[in-house]
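In each ligand, atom 1 is the first atom listed, and ligand 1 is the first ligand listed. Since we're looking at a predicted model, the values are computed, not measured.
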Amino acid sequence: MIQRNDLCWCGSGKKYKKCHLLSDQAQLIEKQKGKGGRVKNGLIKTAEQIEGMRAAGAFNGELMDYLRPFIKAGITTEEINTLTHEYTIKHGHTPACLGYNGFPKSLCTSRNNVVCHGIPSPSERLTDGDIVNIDLTTIVRGCYGDSSETFFIGNVSDEARQLVHVTAQALILGIKAVKPGAPLRAISEAIEPFVKSQGCSVVHQYTGHGIGMKFHENFTVYHHIDRDCEPIVLQPGMTFTIEPMVNLGKYEVVTDRVDGWTVTTKDGSLSAQFEHTLCVTEDGCEILTLTPSQREKNIILNVEGKYYD
Ligand code: MF3
Ligand code: CO
Ligand code: CO
């Protein structure tokens, strides 16, 4: 197959990526829409698998609701880890983060300028004015649910509050772009221009992902517009996460050299994130990581009492 940096097949002498790559991808998508086809095998879950993921997602939502009242000034992120771990085990489930590629704890806690993969620690105490993302992933009978929310600790600055709401809105816009027949890249096309219009930036280095019987599977869900986005057409039964990380400053990030996990903004600016696991349906998508009560009330996100639907 022709690669991005090869010379284009048309004989223009330009690299493929600078010439026909985008129009070829667009044509491929049109062709697949016509025959309801797929680019890769194994993207479509069975009804039983989706049912299992719904149970995992509901548990993940329930766990978030359980933690919610504890996420206040004075608690350490280690204590949040203990609460998460014990609640999960008590219900007979498995915290997916623990031991995943060597990750040492049962959830990620990412505070202020930490973009993602923050490691809970007894020396990290939440204090007034912080924002903190709680990223939970649970395995329920072999199926995965993955979701995250950013919380305000006490009184936060106006810019922090605005960043968090822009990020929540970015996830909502991404979710609304999910329908059968839409290209995968429609998600990034809904998210990135909006975030930029608000003066913030979308992190490039970390993305959403296919999910199901594995934590990260099948394909990458970009939140920023990227030429490497695969020409996949969304079809009923595909399951994946959308989880935009939005920075108040520039999009570049750095990973801690010592712990190998903690990702921070390069410029030190604040970062926020929200995440849900979704399944494409006949007319849009179903959010799998909701509690029964959120489902019933049609609430997608709860940001300190402001509901997004
Ligand atoms: N939950 C994260 C995600 O949304 C992944 C965390 S991996 C871990 O994809 F190893 F850091 F836990
Ligand atoms: Co995820
Ligand atoms: Co996650």
Among the N, O or S atoms of Glu275, the one nearest the Co ion (ligand 2): OE2
Best match, Asp135, Thr241, Thr137, Ile211: closest heavy atom to atom 2 (C) of ligand 1: Asp135
For Cys97, the ligand 1 atoms whose distance to one of its heavy atoms is below 4.0 Å: 12 (F)
Ligand 1-proximal atoms of Asp146, by part, heavy-atom distance under 4.0 Å: side chain
N, O or S atom within His209 nearest to the Co ion (ligand 2), by name: NE2
Within reach of ligand 1, part of Phe103 (heavy-atom separation under 4.0 Å): side chain
Protein residue, atom and distance nearest to atom 5 (C) of ligand 1, heavy-atom basis: Phe215 CZ, 3.6 Å
Numbered atoms of ligand 1 (with element) below 4.0 Å of Glu275, judged on heavy atoms: 4 (O)
Non-hydrogen atom of Trp261 closer than 4.0 Å to ligand 1: yes
Exam field: side chain Gln273 to backbone Glu243, donor-acceptor pair closer than 3.5 Å: yes
Nearest-0.5 Å distance, CD1 of residue Ile80 to CD1 of residue Ile71: 4.5 Å
Nearest to the Co ion (ligand 2) - the N/O/S atom of Asp146, by atom name: OD2
Near-ring test His117/Tyr100, centroid separation under 6.0 angstrom: no
Test item: Thr289 side-chain N/O and Thr277 main-chain N/O as donor-acceptor pair under 3.5 Å: yes
is_close_aromatic(Tyr66, Phe59), centroid dist under 6.0 Å: no
Atom of Glu243 nearest the Co ion (ligand 2) (restricted to N/O/S, atom name only): OE2
Side chain, backbone, both or neither: Ala96 near ligand 1, heavy atoms under 4.0 Å: neither
Proximal atoms of ligand 1 relative to Tyr100 (non-hydrogen, under 4.0 Å): 7 (S), 10 (F)
Considering all heavy atoms, the nearest Asn247-Leu163 contact: C-CD1, 3.9 Å
SB check Arg185 Glu192 (cutoff 4.0 Å): no
Lys NZ or Arg CZ of Lys105 over Phe103 ring: under 6.0 Å, within 45°: no
His216-ligand 1 polar pair, N/O distance under 3.5 Å: yes
Arg111 side chain to Val132 backbone, donor-acceptor under 3.5 Å: no
Chi angles and distances behind the ring pair (Phe, Tyr, Trp, His ring centres under 6.0 Å) call for His91, Tyr87: CA-CA 6 Å; His91 287 82; Tyr87 189 89; 4.3 Å; yes
Asp135 atom (N/O/S) at minimal separation from the Co ion (ligand 3): OD1
Polar side-chain atom of Ser201 near backbone of Gly249 as donor-acceptor pair, under 3.5 Å: yes
Any N/O pair His117/ligand 1 closer than 3.5 Å: no
Sub-4.0 Å atoms of ligand 1 with respect to non-hydrogen atoms of Glu243: 3 (C), 4 (O), 9 (O)
